[in-house]
Amino acid sequence: MSRWEPLLEQLVTERYPGLVARGVLLTGSRVAAEDLVQDALVSTFSGRARFASLAEAEAYVRRAMTSRSVDAARRAIAERRAMSVLGAMPAPTSAAEHGLDPTVVGALGTLSPRVRACVVLRHLDDQSVRDTARLLNLSEGAVKRYVSDGVTALNAILGTVATGREDVVRISGLEVRHGA
């Protein structure tokens, strides 16, 4: 057991209700307050902080809760301002409305964000390996690897066959280009 684990356990056992009550004051919601306390505890004790006492650890968690609630409020204000500047946002459109097969969109959703970004930029946006690498701040070799992994995963999910030798492969209405 790490040196901080007994202190964390003691803090949660003895002070959790008080921390949640403070969180309710900061957020206005018990559910949001519990999330806020959890986030503050994780950030406090995952940073290898060393505390001399329970009171010191609790004070640190309370500060973390306050900082997080202020940050969340600032984000909410910025979002409201952006929405008022942008006006009414158009309703989200479905993949089918853009000529995309929902199965392909769902399959893309299973890829990690970086692999998905590489596949979309390379094959759907028709970017070169060099441009994709520049846009994502990756090496060209990494882009090639992520694209290869992504196409392999898509083949497995969609039951298609695409190799690196083919110039264009059609997968459920999408053209997937291979090569540099």
Side-chain angles (χ1 to χ4, degrees), residues 1-86 89 92 95 102-124 129 132-158:
M1 187 179 287
S2 297
R3 293 182 354 194
W4 54 264
E5 287 176 0
L7 186 59
L8 172 61
E9 187 174 326
Q10 183 182 7
L11 179 64
V12 170
T13 302
E14 295 178 16
R15 309 286 171 88
Y16 186 78
L19 292 171
V20 171
R22 180 181 180 87
V24 169
L25 294 174
L26 292 168
T27 65
S29 158
R30 180 166 177 86
V31 172
E34 289 173 348
D35 288 344
L36 182 64
V37 171
Q38 292 299 320
D39 289 345
L41 287 169
V42 167
S43 70
T44 299
F45 286 94
S46 66
R48 300 181 194 237
R50 290 177 172 67
F51 304 106
S53 67
L54 179 64
E56 188 178 286
E58 181 183 17
Y60 195 94
V61 170
R62 286 177 179 240
R63 280 193 304 273
M65 289 171 57
T66 303
S67 296
R68 282 179 163 48
S69 68
V70 168
D71 291 345
R74 285 181 182 152
R75 274 192 307 275
I77 290 168
E79 288 171 4
R80 282 195 299 274
R81 273 193 207 130
M83 292 302 290
S84 69
V85 168
L86 294 173
M89 297 294 291
T103 306
V104 174
V105 174
L108 283 167
T110 66
L111 302 177
S112 71
R114 185 168 288 164
V115 171
R116 183 173 51 244
C118 286
V119 169
V120 168
L121 286 171
R122 283 285 297 127
H123 297 304
L124 301 178
V129 170
T132 301
R134 184 181 45 77
L135 288 168
L136 298 176
N137 198 25
L138 298 170
S139 69
E140 290 182 25
V143 169
K144 290 177 185 178
R145 177 61 188 209
Y146 288 137
V147 170
S148 175
D149 291 349
V151 170
T152 300
L154 290 173
N155 283 334
I157 294 166
L158 298 170

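Every value quoted in this text rests on a predicted model; they were computed, and no experiment measured them. Note that the numbering runs from 1 along the sequence shown for the chain.
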Starting from the C-alpha separation in whole Å, work towards a yes-or-no answer on side-chain hydrogen bond (donor to acceptor under 3.5 Å, both in side chains) for Arg68 and Ser43. CA-CA 10 Å; Arg68 282 179 163 48; Ser43 70; 3.3 Å; yes
Could you state the interatomic distance from [atom1] ([X]) to [atom2] ([Y]), rounded to the nearest 0.5 Å?
X      : Y      : atom1 : atom2 : result
Met65  : Leu25  : CE    : CG    : 9.0 Å
Arg74  : Glu79  : CZ    : CD    : 14.5 Å
Asp39  : Ser67  : CG    : OG    : 12.5 Å
Leu41  : Leu11  : CG    : CG    : 6.0 Å
Glu34  : Ser29  : CD    : OG    : 8.5 Å
Leu154 : Thr110 : CG    : OG1   : 6.5 Å

Shortest non-hydrogen contact from [X] to [Y]?
X      : Y      : result
Tyr16  : Val37  : CE1-CG1, 3.6 Å
Leu7   : Ala57  : CD2-CB, 3.9 Å
Val119 : Gly150 : CG2-CA, 3.8 Å
Cys118 : Leu136 : SG-CD1, 3.6 Å
Leu36  : Gly23  : CD2-CA, 4.2 Å
Ala153 : Leu111 : CB-CD2, 3.6 Å

Start with the C-alpha distance between Glu58 and Arg62, add both sets of side-chain angles, then the distance that settles salt bridge (charged side-chain N to carboxylate O under 4.0 Å, His left out), and finish with yes or no. CA-CA 6 Å; Glu58 181 183 17; Arg62 286 177 179 240; 3.1 Å; yes
If you count every heavy atom of other residues, nucleotides or ligands that lies below 6.0 Å from Asn137 atom CG, does the total exceed 12?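 No, CG of Asn137 has 12 or fewer neighbouring heavy atoms, counting only those of other groups under 6.0 Å.
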Does a sphere of radius 6.0 Å around CZ in Arg114 hold more than 12 heavy atoms from other residues, nucleotides or ligands, not counting ones at 6.0 Å or beyond?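 Not more than 12 within 6.0 Å, no.
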Would the distance check show the side chain of Gln10 and the main-chain N or O of Pro6 forming a donor-acceptor pair, the cut-off being under 3.5 Å?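 Checking the backbone N and O of Pro6 against the side chain of Gln10, no donor-acceptor pair under 3.5 Å is found.
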Report yes or no: does Thr13 contribute a side-chain atom to a donor-acceptor pair with the main-chain N or O of Glu9 at less than 3.5 Å?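 Yes, Thr13 side chain to Glu9 backbone: donor-acceptor pair under 3.5 Å.
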Go through it in stages, so that I can follow the logic: the residues are Thr66 and Arg22, the test is side-chain contact (heavy atoms from CB on, under 4.5 Å), and I'd like the CA-CA distance, side-chain angles, deciding distance and then a yes or no. CA-CA 9 Å; Thr66 303; Arg22 180 181 180 87; 3.4 Å; yes
Side-chain touch Phe51/Thr44, heavy atoms, less than 4.5 angstrom: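 Yes, at least one pair of side-chain atoms sits under 4.5 Å.
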For Phe45 and Tyr60, run ring-ring contact (aromatic ring centres under 6.0 Å, His included): C-alpha distance rounded to whole Å, both residues' side-chain angles, the deciding distance at 0.1 Å, then the answer. CA-CA 10 Å; Phe45 286 94; Tyr60 195 94; 8.5 Å; no
Pair Arg75 + Asp71: basic N to acidic O under 4.0 Å: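 No, Arg75 and Asp71 are not salt-bridged.
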